[in-house]
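These notes concern the structure reproduced below.
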Amino acid sequence: MADEVLFDYLHMEMIHEFFNENYKKEGKSEESMTTLELLGFRVGQCVIERLTKDSPRFKDELDAMKFTCKDFWMSVYKKQIDNLRTNHQFLAFPCGLIRGALSNLGITSVVTAEVAIMPACKFQIQIQRV
């Protein structure tokens with residue numbers, strides 16, 4: 001329980017720091033969003049590496065996506081994603097988390113998020129074929 005509260009406060013403070021100061025400066029809001037997404041990317045890479053260190057490689061992208069939706073998301077947010085398919089500043093970090101996790105699993109992707117009805121959020125993952 002305490003971990004969840006700490007994570008929530010940390011997330012709120014990161015957003016406050018990036019958007020309160022920089023958002024007012026002309027042209028800085030996009031830079032702040034990118035920085036927040038990159039922070040999420042790096043954290044996602046670290047978390048997925050820790051979760052999969054003793055596991056064999058996934059046989060395909062579908063298995064990696066299932067792991068991301070179940071185990072990875074559960075370890076970060078204590079709830080499961082039920083479907084992968086705005087306050088965009090709050091979603092930049094989780095998008096980065098997903099992109100970083102998939103990157104460490106060998107999947108290059110673009111992750112976007114959409115809030116249609118609060119409190120639900122839809123993440124769409126486009127896998128980039130190389």
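In this chain, numbering begins with 1 at the start of the sequence shown.
- Under the 4.5 Å side-chain heavy-atom criterion for ILVMFWY residues, a single connected hydrophobic cluster contains both Leu51 and Val111.
- Atom CG of Leu97 and atom CH2 of Trp73 lie 6.5 Å apart (nearest 0.5 Å).
- When the side-chain contact (heavy atoms from CB on, under 4.5 Å) test is applied to Asp60, the partners found at least two apart in sequence or on another chain are Leu62, Asp63.
- Here the CG atom belonging to Leu105 is positioned 10.5 Å from the CD atom belonging to Glu49, to the nearest 0.5 angstrom.
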(request) Test side chain to side chain contact (heavy atoms under 4.5 Å, CB included) on Met65 and Leu102 and set out the steps. (result) CA-CA 8 Å; Met65 295 299 292; Leu102 292 174; 3.7 Å; yes
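- Two residues are said to be in side-chain contact when any heavy atoms from C-beta on lie closer than 4.5 Å; Ile125 and Ile107 fail this criterion.
- Contact between Cys95 and Thr112 at its shortest, heavy atoms only, is SG-C, 3.9 Å.
- Grouping the Ile, Leu, Val, Met, Phe, Trp and Tyr side chains by contacts below 4.5 angstrom, directly or via other members, places Met33 with Met14.
- Here the shortest heavy-atom pairing between Gln45 and Gly100 reads CG-O, 3.2 Å.
- With sequence neighbours excluded, the residues that form a side-chain contact (heavy atoms from CB on, under 4.5 Å) with Gln128 are Thr108, Val110, Gln126.
- Sorted by first then second residue, the ring pair (Phe, Tyr, Trp, His ring centres under 6.0 Å) pairs that include residues 31-58, not counting sequence neighbours, are Phe58-Phe67.
- Ile98 contributes atom CD1, which lies 8.0 Å from atom OG1 of Thr68 (distance to the nearest 0.5 angstrom).
- Rounding to the nearest 0.5 Å gives a distance of 11.5 Å between CD1 of Ile48 and SG of Cys46.
- Pairs passing the salt bridge (charged side-chain N to carboxylate O under 4.0 Å, His left out) check and including a residue from residues 93-103, sequence neighbours excluded, read Glu37-Arg99.
- Taking the side-chain hydrogen bond (donor to acceptor under 3.5 Å, both in side chains) definition, one finds that Arg129 meets it with Glu61, sequence neighbours left out.
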